[in-house]
Structures are given as C-alpha cells and as structure tokens.
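Chain identifiers are assigned alphabetically (A, B, ...) following the order of the sequence lines, protein sequences preceding nucleic acid strands; residue numbering begins at 1 within each chain.
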Amino acid sequence: MDNAGLARVFSDIGDLLEIKGANPFKIRAYRNAADIIGHMAERVADLTEADVRGIPGIGKDLAAKIRELVDTGELVYFDALRQEFPASILDMLRLQGVGPKTVGLLYAELGIETLDELEAAASDGRLRQLKGMGAKKEQLLLRSLAEHRSRVGRHLVGRADAIATRLTEYLRMEAPEATIFPVGSLRRGRETCGDIDLLAVNATDALMPHFTRFPDVERILGQGPTKSSVLLRGGVQVDLRVVAAESAGAAAQYFTGSKAHNIAVRDIALQRGLKLNAYGLFRVADGEYVAGAAESDVYEALGLAYVPPELREHRGEIAAAATRNLPHLVERSDLRGDLHSHTTATDGKADVETMATAARDAGLEYLAITDHSQALAMANGLDERRALAHATHIREVNSRLEGITLFAGIECDIRADGTLDLADDCLAELDLVVASVHSAFGQGEQEMTDRLLRAIESPFVDIIGHPTGRLLLRRDPYALNLERVLDAAARCGVAMEINSQIHRLDLSDSHARLARDRGVKLVISTDAHAPAAFELLRWGVTVARRAWLEPGDVLNTLGAEDLRASLRRHRVTG
DNA sequence: GCCGTTTTCGGCCCGACTGTTTTCAGTCG
C-alpha cells in the first residue's frame, strides 16, 4: 500500500470517529498521521519498524496499524468501524456546510445514508423536524448537493497523474520496449480529469491482459486487442489504447484532444484535401498515407507549427500555429525561486532550514518563507512580535546557508473589511508580503471586490495569494469582480499568484491569461507546507502554460536580486 | 492516539461566522 492509500485509511478513520463523537484528540491523531504520511517523500511501506516509530505523530498504536495495512492490505480496526456506518455516509461529509455532527444526526434520526436520501429529505421538509435545522440550512444543503453533483466523477490532475505514473510503471514491466504515455485531458494538463487515457506504442499482445490484471482494478469495463477500459478502486476509469508505430503521432494527436481543437485541425486537413484520424493523415483522393508517426509531422503536414498539448483548447492556438506565432511557453526549468511557503512557526511540517535546503535540492535559488498571520488562529498565525522574531530567525538561517537565498515574508490575512491583519510598520520590516483571503468567503461580489481592492491599495502588499479562494471539486471561487481586481493590481504593481497546490491551482489558466492581458505580472508559488511540496511547482507551470505565459510574464523566473528589485515595495514611488 | 529534562498522566493551536439559538452548536480553516 502506498502513502496515499495509508493516508486515505487514516483520514477515513478520523471522519468515522468524528461522526461517532469520539475523543477529538484521538481524531486529530489519525488526521495528523494521514497528513504526515500523505506528505512524506519516502514510501512508508518500505521503512523499518523503528523508522516508522521515529516519525513524529506516529506512536506504538499507529505504527502497528501501518504494519497491518502494509502486510495484509487491510485493517481490522477500520473494518470494524465501517461495520457501524454505511460506507456512503462519508460522501455527505464532502458537502459544503455539512460536518460530522450533522451527518451523525441525519443518520441517527432519519436513517439517511446517501446523498440521494439526503436530497429527498431536504426536498420534502423532513429535515426541518430536526433540532438546529431550518429553512436556510435546507437551502444550503440543496445548493451544496447540486454543486457536489457537478463535480462527481472528476479527479484532480495531480492525483490522476500519480495514478497514471504508477500504472505506466506497472505496464512497462510487461512491455519494456513499448512507449507508454498519457493522452487526453491529463496530457493537456487540465485542472481536473474525468478519466485517464493511456497510449502504448510498440506493445506486444501480452500488454492488454497485463493491464486488466493491475492490482487496483475493481472492474473491467471492456477488453479488446487495441482498447481496454477498467475502473480502479477509488472510482477512476482508465482506458488503454495500443497503436502501431506508424500511427503513434496521429493517435497521440487524436486522443489528446481537445475535441474542439481536433475538429478545427481536421477542418484544416479537409481544406487541403487531407483526412485526419487516429491512424494517420491521408490524402482524400487516393487514401495515400501522408504522416502519422510523430505528432509534429501531422501538424507540419497541415502547415501548422507543433502545438504544445497545454494549448490545444481551441483558444487561438491554431491561428497562432498557422502564422508561427505560438508563445515560447514558460517551463519548470525557467523558475528560479518560490515565493510562498510555510514552516513549523505556523502550520508547516518542517523548520526554516529544512524547507530551505529542500528548495535548494529542488533546484531553486531562492525561497520566501511566508507563514500565516495572527487571524489564522487555527494555524498558530503570527502576531507582529512573532512575525518580526521569525524574520530575524529566517535571516539568521539565510546568513549561514549556501546555495539558497531566503526572503523573510508573511502570508498576511486580508480581513473582512479589506484591512491587513498586521500593522504597517511590521509589514514594512519584511522582505515580501503575500496577502490572502482565508475568512468570510460568503461576502457578496461588491463587498469582496472592495475588500481585495483595499488590500491591493496597501503599499506593503506585493502579491495576492490564491486570488479566487477556490478549492477544486470542493468549493467554488468566492464572488469577485476579477477584472476590477486585476486592473487595480496592474495599476499598483501587485503580482497575482498561481498557487501550485493541486486542489487550488488558483489563479486558473483562463484567469491567469486574463491577468497577463490586463498587464499584471504573475508568480508561480507552491504554498509549500512540507519539503516534498516543491515538486508541485510543475502544476503551477502547467497552469501558466495553459495560460499562454512566457518566462517574461512570471516574476520568479528572475534571479533573486532582480526579483527583489521588481517587488512592488521597491518600485512604489508614491 | 501522541507525547514527555514539567515524563506514564494530563495535556493536546482556537477565533470567526452562520443559523439557530435566547445563550449556543456546528462548521471552517
């Protein structure tokens, strides 16, 4: 069992214990363990007993449960808990505004086990019989249900990628000579994927049966010589297609999509008397094969420059490819630093030095430590005194570390009225300020827009963190007039963040493109809470590429001193 | 359930917001 699997079990145990009303500190211990394991770089399954015991937060009991899960794939304690409640009950916890108490109450009083039953009870007024349930709660529930339904069946790109990577490694064991890679929305880097499409070139007949024997397969949806589909445990569907070498490029192009992009490309083919399908590019007149072994051959044969997969959304890329005006998209290797990270001073998992060396090992030249401000009490946010002491500590660590430059910053809360959570004279002492919204998400558009405008007007704000507050598959962005916010940011020289956390990716690709078009600079940051998180930069880069961004649009492609000089605080003239 | 130079018990980050209360419970981060 991998780390994600272990983390999921402990997280589910935490949820079930909470519904049960167990000791909150016991619940926290399970959640904490899930969090730690989920963030670890090493495979816990490969560690020795002593190493597992050495992980802070893992004691005798949890170590034994990890051992049982690794050895048997099951956990008696977990199974017993699941006997007490139907499995579907956990789905209700995913609803916005529904917590464990409500789930427990609904199950105990009305016997509600599923989302469908909850919807029926909310619709026919039964919910209102319950203590603490009124008309507004009923409306909230119905809205949450509708939002949830629109997300069902989609998966975060980072999770889909992890599954695709594991599956590809498994397939290569059977077919080491084959080329196997993801296509579809995963290859285009969309923020969520409905399913995973894999393409195999030069594979033997043994590959398909090997695919359907993958240990995580729950159900085989279809199996044939060139295409098979399986449903994995956890609900992800994976399709594998096997194609001949002379069709590899055409198949990759065809299955990568998007649909709109492909329709437009095929239209260009027809205009040239050519026909494009998954097997190749052919002359209509005599059926003669023109191209198909490589994607670039297909595009070139149509008079188009090779279009990077991230741009294939029919948002102007075909015209740009035809006129050789495609952007030189930013790449991970262009990024020289990260401007948003946390440490154990607030809710991070590692100290300043550990985070700094991890950033250096990830190839970065600089890192801004931006712990939370006091309003985020739950995260042990810093008040002015602690923020300044922390800055002193960061600068002390910086002075003795080689190969990485640290910026002493803060992620300062933007309060509900748009004022900042720390006093100006404190913010002025820091190297960099990321300002973010973490509260009062329910404000109306006018109020929220004014709130952000007020923050942007502050001369001490350099960057707006995760600007729309969305959580993919969980929470919609808050109401916001983004155009007004972007125009203010452009005027004040405030940069907008592309947050690389896979459940945020905020700004989104289309918003980041809008920001660039409005004259706003972007930064690509990890919001790292653990050393392994610097790997997440690739997802921020994917968003930036989908936004058509070039290195010059992204501030942290600059070296440390150029970046420092380009921050708003050093450019403000008044 | 974890943790410990205050060490085997008794602590363990809590404030804002909402909707439902008539003094608070639940959710969120």
Mind checking A:A63 for me? I need base, sugar-phosphate or nothing, with any heavy atom below 4.0 Å counting as a touch.
nothing
Span that lies between the P atom of B:dC13 and that of B:dC3, in whole angstrom
13 Å
Which nucleotide sits closest to the side chain of A:R53: B:dC12, B:dC3, B:dG29?
B:dC3
If you check every side-chain atom of A:L471, which of B:dT27, B:dG1, B:dG29 has the closest atom?
B:dG29
Taking the side chain of A:R28 as its heavy atoms from C-beta onward, which of B:dG29, B:dG1, B:dC13 lies nearest to it?
B:dC13
Atom-to-atom span, CG of A:L105 to C1' of B:dT20 - whole angstrom:
13 Å
Length of the line joining A:D413:CG and B:dG15:P, which is rounded to integer Å
15 Å
Heavy-atom nearest nucleotide on DNA chain B taken for A:G442 and for A:I58; more 5' hit belongs to A:I58
Base-pairing mate for B:dT27 - Watson-Crick or G-U, with both contacts under 3.5 Å
B:dA16
Whole-Å C1' distance, B:dT27 and B:dT21
16 Å
Charged N to carboxylate O below 4.0 Å: is that the case for A:R8 and A:D2?
no
A:L376 side chain: which of B:dT27, B:dG29, B:dG1 is closest?
B:dG29
Gap in Å between the two P atoms, one belonging to B:dT23 and one to B:dA16, rounded
22 Å
Tell me, with the steps shown, if A:N499 and A:Q501 meet side-chain hydrogen bond (donor to acceptor under 3.5 Å, both in side chains).
CA-CA 6 Å; A:N499 187 296; A:Q501 296 284 323; 5.1 Å; no
When all nucleic acid strands are considered with a 4.0 Å heavy-atom cut-off, which category describes A:T346: base, sugar-phosphate, or nothing?
nothing
Contact class for A:K131 vs. all strands (heavy atom < 4.0 Å): base, sugar-phosphate, or nothing?
nothing
Pick the C1' atom in B:dT8 and in B:dC12, then give their distance to the nearest Å.
16 Å
Using whole Å, what does the distance between atom P of nucleotide B:dG29 and atom OH of A:Y478 come to?
12 Å
First encountered from the 5' end of DNA chain B, between A:S439 and A:E138
A:S439
Among the candidates B:dG1, B:dT20, B:dG26, find the nucleotide nearest to the side-chain atoms of A:K137.
B:dT20
Integer-rounded Å distance: B:dG26 P and A:L140 CG
16 Å
From C-beta outward on A:N23, which listed nucleotide comes closest to its side chain: B:dC12, B:dG15, B:dG29?
B:dC12
Options B:dC17, B:dC2, B:dT27, nucleotide nearest the side-chain atoms of A:D61
B:dC2
Under 4.0 Å between a side-chain nitrogen and a carboxylate oxygen: does that hold for A:R31 and A:D15?
yes
For the salt bridge (charged side-chain N to carboxylate O under 4.0 Å, His left out) test, which of A:R126, A:R149, A:R143 pairs with A:E119?
A:R149
Gap between atoms NZ and C1', on A:K60 and B:dT8 respectively (whole Å):
12 Å
Rounded to the nearest 0.5 Å, the CD1 atom of A:I369 sits from the NE2 atom of A:H342 at a distance of 10.0 Å
Out of B:dG1, B:dG15, B:dT27, minimum distance to the side chain of A:A377 belongs to B:dG15
Whole Å only: how far is the CE atom of A:M448 from the P atom of B:dC17?
12 Å
With the side chain defined as heavy atoms from C-beta on, A:P100 is closest, among B:dG1, B:dT20, B:dT27, to B:dT27
Using a 6.0 Å cut-off, check whether atom CZ of A:R385 has over 12 heavy atoms from anything other than its own residue.
no
Write down the distance between CZ (A:R415) and C1' (B:dA16), rounded to a whole number of angstrom.
13 Å
Between B:dT20 and B:dG26 - P atom distance, rounded Å:
14 Å
Once you round it to whole Å, what is the distance between P of B:dG26 and CG of A:L106?
12 Å
Salt bridge flag under 4.0 Å for residues A:D79 and A:R82:
yes
What nucleic acid atoms does A:N380 come within less than 4.0 Å of, heavy atoms only: base, sugar-phosphate, or nothing?
base
